[in-house]
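Here is the structure we will look at, set down as structure tokens.
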Amino acid sequence: MSRESSHLLEDSTSHGSQETSHESQEVDLHQPTVVYKRRYYVLAAFSLFSFCQGWIWNTFGPIQGAVEHVFGWNDSTIALLANWGPITYIATVTLFSWLLNVKGLRWAVLLSSALVAVGAGIRCISMEQTTATWLNHIGLILNGMAGPIAKASPSVISAVWFPPKQRTTATAVTAMSNYYGVALSFVFGPLLVSTYKTVNMTAVLEINVTSNLSTSLNSSSNHTVYISKDNLDSLRNQVAFYQYLEAAGAGAAFLLVLCYFPRKPPIPPSISAGCKRIGFVQGLRELLTHGRFWHIGIVYGICVGVFSGWTSVLDVNLKHFSIGENEAGWIGFYSVVAGSIAALIFSRITDLIQHRTKTVLVLVLVGATAAFTCFYLVCLKLISASKVSLYLSAIMGGVFVNGAIPLFYELAIETTYPIPEDAAMGLLTLLNSVGASIFLLLPMFAELKDTVADWMNPTMAASCFICVPVMLLFKAQYRRWSVDKKA
């Protein structure tokens, strides 16, 4: 086969007084490319693993009232359990990004799916309050350690397995699978575990608690809750069954990955996929001074990071507006599912107009700002305070923020090419975890603990608003797209 070469001269980027420049990259425009059907199995196996990781991470938020009674927890404990996800992500993202770069997709995904399965299984060992509390902390720490691969690998999988006109869509499918797990936790939790509601200042379980009330507990809202021993045992069994179900799903995902999940296809699906990337360590060094990358990353961390934290404690937030766990669960579910569908639509659009990702992203951020501003105003009853307006504004907020996630991913990869995707995505998603972790730490401060509803919703709206002008100033580059276009 005759071979020709082309050189892609990449622009230099600067950050402050430092400047990072890439040498000319030699690109073989006539290397063979093949698109394999097995890419869909890889997509499905990874998506199930990522789904379970997100589902298990958000186990307790939608059923916080029930588990507070079963395990003797409070709102701060629920927030800490959710916060193990971003905390462990921050602690392990560099290690797992390195593992993904050096050992490839198979070993990185296999190890991560094993961590999710083991973490889910550990939580099933005991339901005794003290033991179960420790086991749940350990289990969610292990689950959180799988976060870097679950959240940072979508762009790697799309780059390694999919052709250029399917890349953003493939990224959306794998990235949104984690959010589908979060979304369905809002349904599975309240569906399988009984919740309680407030009636005449006394919280009672939505199960048969009409007689033999012998156990008295205090809820986080300082109401006295009377639960019989039999009903408390029934509630404990429901929580246990729910955790068994999560462990079964995580085990199935691990087996799928174990059976077949190669490092990469025999022949790459695109010219850019076959091009050699710079080294992982060198890539990280360049990212640290890459002005355009940090421009995207800060916007992503503020908008999506705050949204991740806001979603995980939506039940705690909305209970201050007399909205029960079950209804808050459905709001969260519809918000994330609608956003995941929107992500596929937005991604397909950008696959068709690959050099207009920034334009689509800015429009999406404007929509998110409008939606969450409306949600805040509805909660304040400054505009129509109906369930329809509450549902609609929350769902539209999820549509725009979740829809933006794969666009952030692909724009970051395009901007930083040929820095390895795993290095860029590891650092980008780390910023998401930083934003979520800061947001989830705030309720632990005494002065904010009892005013959750006063700051959570305006913070969510403001985080979207400030990202719009910042993103408008971003100078987009589509380096990887330029390589594939030359072919």
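- With Phe60 as the fixed residue, the ring-ring contact (aromatic ring centres under 6.0 Å, His included) test singles out one of Trp73, Tyr242, Trp84, Trp55: Trp73.
- Side chains of Asn178 and Gln53: a donor-acceptor N/O pair is present below 3.5 angstrom, by distance only.
- Side-chain atoms of Trp57 do not come within 3.5 Å of backbone N or O of Asn143 as any donor-acceptor pair.
- Considering only heavy atoms from C-beta on, Ser270 stays 4.5 Å or farther from Pro163 through its side chain.
- When the shell of 6.0 Å around CZ of Phe241 is examined, it contains 12 or fewer heavy atoms from other residues, nucleotides or ligands.
- Within the 3.5 Å criterion, the main-chain N or O of Ile331 finds no donor-acceptor partner in the side chain of Ser335.
- Looking at Asp351 and Thr169, their side chains do bring a donor and an acceptor atom within 3.5 Å of each other.
- Panel note: side chain Arg292, backbone Lys475; a donor-acceptor pair is recorded below 3.5 Å.
- Trp98 has its side chain out of reach of Leu284: every pair of non-hydrogen atoms, C-beta onward, lies at least 4.5 Å apart.
- For the residue pair Glu410/Thr357, the side-chain donor-acceptor check at 3.5 Å is not satisfied.
- Of the possible polar contacts, one joining the Trp294 side chain to the Leu288 backbone as a donor-acceptor pair under 3.5 Å is found.
- Here the two rings, on Phe46 and Phe49, have centers that are under 6.0 Å apart.
- Two residues are said to be in side-chain contact when any heavy atoms from C-beta on lie closer than 4.5 Å; Phe307 and Phe372 meet this criterion.
- Between Arg123 and Ile56 the shortest side-chain heavy-atom distance falls below 4.5 Å.
- In terms of modelled atom types and a separation under 3.5 Å, the side chain of Ser153 and the main chain of Ala150 share no donor-acceptor contact.
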Donor-acceptor list for residues 358-368 side chains, cut-off 3.5 Å, not counting sequence neighbours:
residue : atom : partner : partner atom : Å
Lys358  : NZ   : Leu472  : O            : 3.1
Lys358  : NZ   : Phe474  : O            : 2.6

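- Using a cut-off of 4.0 Å between Lys/Arg side-chain N and Asp/Glu carboxylate O, Glu414 and Arg479 are scored as not salt-bridged.
- Under a 3.5 Å cut-off, the side chain of Tyr409 and the backbone N or O of Leu428 do not form any donor-acceptor pair.
- Between Asn101 and Glu421, the side chains place no donor N or O within less than 3.5 Å of an acceptor N or O (distance only, hydrogens not considered).
- Asn432 places no side-chain N or O within donor-acceptor distance of the main-chain N or O of Gly301, the cut-off being under 3.5 Å.
- Put simply, the side chain of Ser393 never gets that close to the backbone of Ala371: no donor and acceptor are under 3.5 Å apart.
- With sequence neighbours excluded, no residue forms a ring pair (Phe, Tyr, Trp, His ring centres under 6.0 Å) with Phe261.
- A donor-acceptor contact closer than 3.5 angstrom links the side chains of Thr59 and Glu246.
- Between Ser272 and Arg167, the side chains place a donor N or O and an acceptor N or O closer than 3.5 Å (distance only, hydrogens not considered).
- Side-chain N or O atoms of Thr369 include one that pairs as donor or acceptor with a backbone N or O of Cys464 at under 3.5 Å.
- Other residues, nucleotides and ligands place no more than 12 heavy atoms under 6.0 Å from the CZ atom of Phe465.
- Pro406 places none of its side-chain heavy atoms less than 4.5 Å from the side chain of Phe346.
- Between Tyr300 and Phe408, the ring center distance clears the sub-6.0 Å criterion.
- Nearest heavy atom pair, residue Thr92 against residue Pro148, reads OG1-CG, 3.6 Å.
- A donor-acceptor pair under 3.5 Å is absent between the side-chain atoms of His137 and the main chain of Ala132, judged by distance alone.
- For the residue pair Thr168 and Ser347, no side-chain donor N or O sits within less than 3.5 Å of a side-chain acceptor on the partner.
- Counting heavy atoms from C-beta outward, His295 and Thr415 have side chains that stay 4.5 Å or more apart.
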